[in-house]
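Written out below as structure tokens is the structure these notes cover.
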Amino acid sequence: MEGITSLSEVQFALAKQDHEVTLPLLVEHYLKRIDEKRDLNAFVEVFTDEVRSEAVRIQKKLEDGKAGKLAGMVIGIKDNICYKNHKVSACSKILDHYISPFSSTVVDRLLAEDALIIGRLNCDEFAMGASNESSYYGPVRNNADKTKVSGGSSGGAAVAVQAGLCLAALGTDTGGSVRQPASFCGVVGLKPSYGRVSRHGIISYASSFDQVGPITTCIEDAAILLETIAGSDNYDSTASRKPVPSYTSKKIETKKERIAYLSEALDSKGLDPEVKLAFENSINSLKTAGYEVEPVSFEYLDYVVPAYYILTMAEASSNLARYDGVHFGYRSKRSVDLETTYKTSRSEGFGPEVKRRIALGTFVLSAGYYDAYYSKAQKVRRLIRDKTNQILQEFDFIMLPTAPTAAFHIGQKSDDPVVNYLADIFTVQASLAGIPAISLPVGNNTKGLPLGMQFLGKRFGEAELLSFSTKFRELQKT
Ligand code: GLN
């Protein structure tokens, strides 16, 4: 089972008549591996008994020729994705032990195709962070070097796939949370266009940014997962009614696409020399293969992080108002009346990063500062989106490193929020613009830590982005 790294390989092995590989055996393999790798802290809960019995049920469906297209897919879900009658906490004390009374649309769609959900994965508290260090359940360790962070906020999801604890994972990406940990862990991470995937049953962080995306070892698994979870949903009016094309059957384009890279990114101050070298090598390998790769200027690069944080903190302060010690989860023992219930439950239930964002978000929305910050940031978002779309009219894709550095030391940055926020410089552009973006592994740095390259596509252009990604990955192998 060691050599099996994609759904098609799993399904090939399951289809053999010798029964050397069965779903129950596959599940045992993953459970053993999870146990051996417990120190990575990737899972906050493993659904051991349930996944064992479900494996038996789906094995039977396979034998009867009645199984769905994800039969054999053993998948983990980030702990902010609701699954009926299962705990979901957004890795926050305030939701510790909370049990979801319903399933998210993405979970329903996975189950309808016979995927096996093996457990919930660690993440930053309410998906706020880029290192998984703000989780109530502690940081996740990178399997390439356990002293290093996993990236975040979907750190558990990326490490689970990196370390072979499950075949794939679903994360969420508000400003890079699928792509950046994928890059730190040497796996594939896709953020779909805003509106491509339903947000129903996803614990909201910033509603005009949040999207669910797959983390996988290969492009074909990202494609089949996206194809399964995407599409309109009566429970989420922001999920687009645009038909979902088949991402798996799309022919690989033979044409050589035109790719823009941002010159400001190549010259950016915080760019690690080894990441810069990987960026240049990727540009050169594409050029050698016959692609047109050209620099373009994107003068707003310095504004993407401030605009992103003003808007997401504002949205978070509103979204997190519901955690008040009355509606959900944790209620402080010190509460004696309504006001103390709110104050003490929220003070004790939220961690420092979440509190910081609620406070700043409330500030930028307050009457005296709304125009200066929130409404200004919305205008900046529009400029960034328009400029990005303008580049994408001339080019098929925009190329950027996923993160300015490789995975850093656990604890190295956590004291300084501004340093942490600035590390999102390359991922938030796609989030502000609402367009799809993918992080692809491009090998390791000299310390053996994975690096990732990112490609941004046109809104709802996931099929083209995935087709190109397949070709880019082939180039990496040559
Ligand atoms: N690091 C970014 C933030 O903290 C992105 C998080 C995310 O995409 N959920 O907001």
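One-based numbering, in listed order, for ligands and for the atoms of each.
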(message) Once you measure the plane-to-plane angle for Y303 and Y300, does it fall in the parallel (<30°), tilted (30-60°) or perpendicular (>60°) bin?
(response) perpendicular
(message) Heavy-atom distances under 4.0 Å decide this one: backbone, side chain, both or neither, for Y309 against ligand 1?
(response) side chain
(request) Note the single closest protein heavy atom to atom 6 (C) of ligand 1, along with its residue, its atom name and the distance in Å. (result) S177 OG, 2.8 Å
(message) At under 4.0 Å between heavy atoms, is it the side chain or the backbone of D424 that contacts ligand 1, or both, or neither?
(response) side chain
(message) Suppose I only count heavy atoms of A127 and a 4.0 Å limit; which atoms of ligand 1 are within that range?
(response) 6 (C), 7 (C), 9 (N)
(request) Pick one of side chain, backbone, both or neither for how Y421 approaches ligand 1, counting any non-hydrogen atom pair under 4.0 Å. (result) neither
(message) Check this for me: does any side-chain nitrogen of one of K69 and E227 sit under 4.0 Å from a carboxylate oxygen of the other?
(response) yes
(request) Answer yes or no: does an N/O atom from K78 fall short of 3.5 Å to an N/O atom of ligand 1? (result) no
(request) Number the atoms of ligand 1 from 1 as they appear, then name those within less than 4.0 Å of a heavy atom of Y205, with their elements. (result) 3 (C), 9 (N), 10 (O)
(request) Before signing off on this row, confirm whether G129 and ligand 1 have an N or O atom pair separated by under 3.5 Å. (result) yes
(request) Take atom OH of Y369 as the centre, draw a 6.0 Å sphere, and report whether it contains more than 12 heavy atoms from other residues, nucleotides or ligands. (result) no
(message) Walk me through whether F126 and Y205 qualify under ring pair (Phe, Tyr, Trp, His ring centres under 6.0 Å).
(response) CA-CA 6 Å; F126 282 100; Y205 159 19; 8.9 Å; no
(message) If the test is side-chain hydrogen bond (donor to acceptor under 3.5 Å, both in side chains), which one of D79, D96, N41 qualifies with Y137?
(response) D96
(request) Give a yes-or-no answer on whether the side chains of S92 and E125 include a donor-acceptor pair shorter than 3.5 Å. (result) yes
(request) Report yes if Y308 has an N/O atom closer than 3.5 Å to an N/O atom of ligand 1; otherwise report no. (result) yes
(request) Heavy-atom distances under 4.0 Å are what count here, so tell me which part of E353 touches ligand 1: side chain, backbone, both or neither. (result) neither
(request) Give the contacting part of S153 toward ligand 1: side chain, backbone, both or neither, where contact means a heavy-atom distance below 4.0 Å. (result) side chain
(request) Look at the rings of F397 and F455 and say which category their plane angle falls in: under 30° parallel, 30 to 60° tilted, over 60° perpendicular. (result) perpendicular
(message) Whether E353 and R357 form a salt bridge (side-chain N of Lys/Arg under 4.0 Å from carboxylate O of Asp/Glu) is what I want to check.
(response) yes
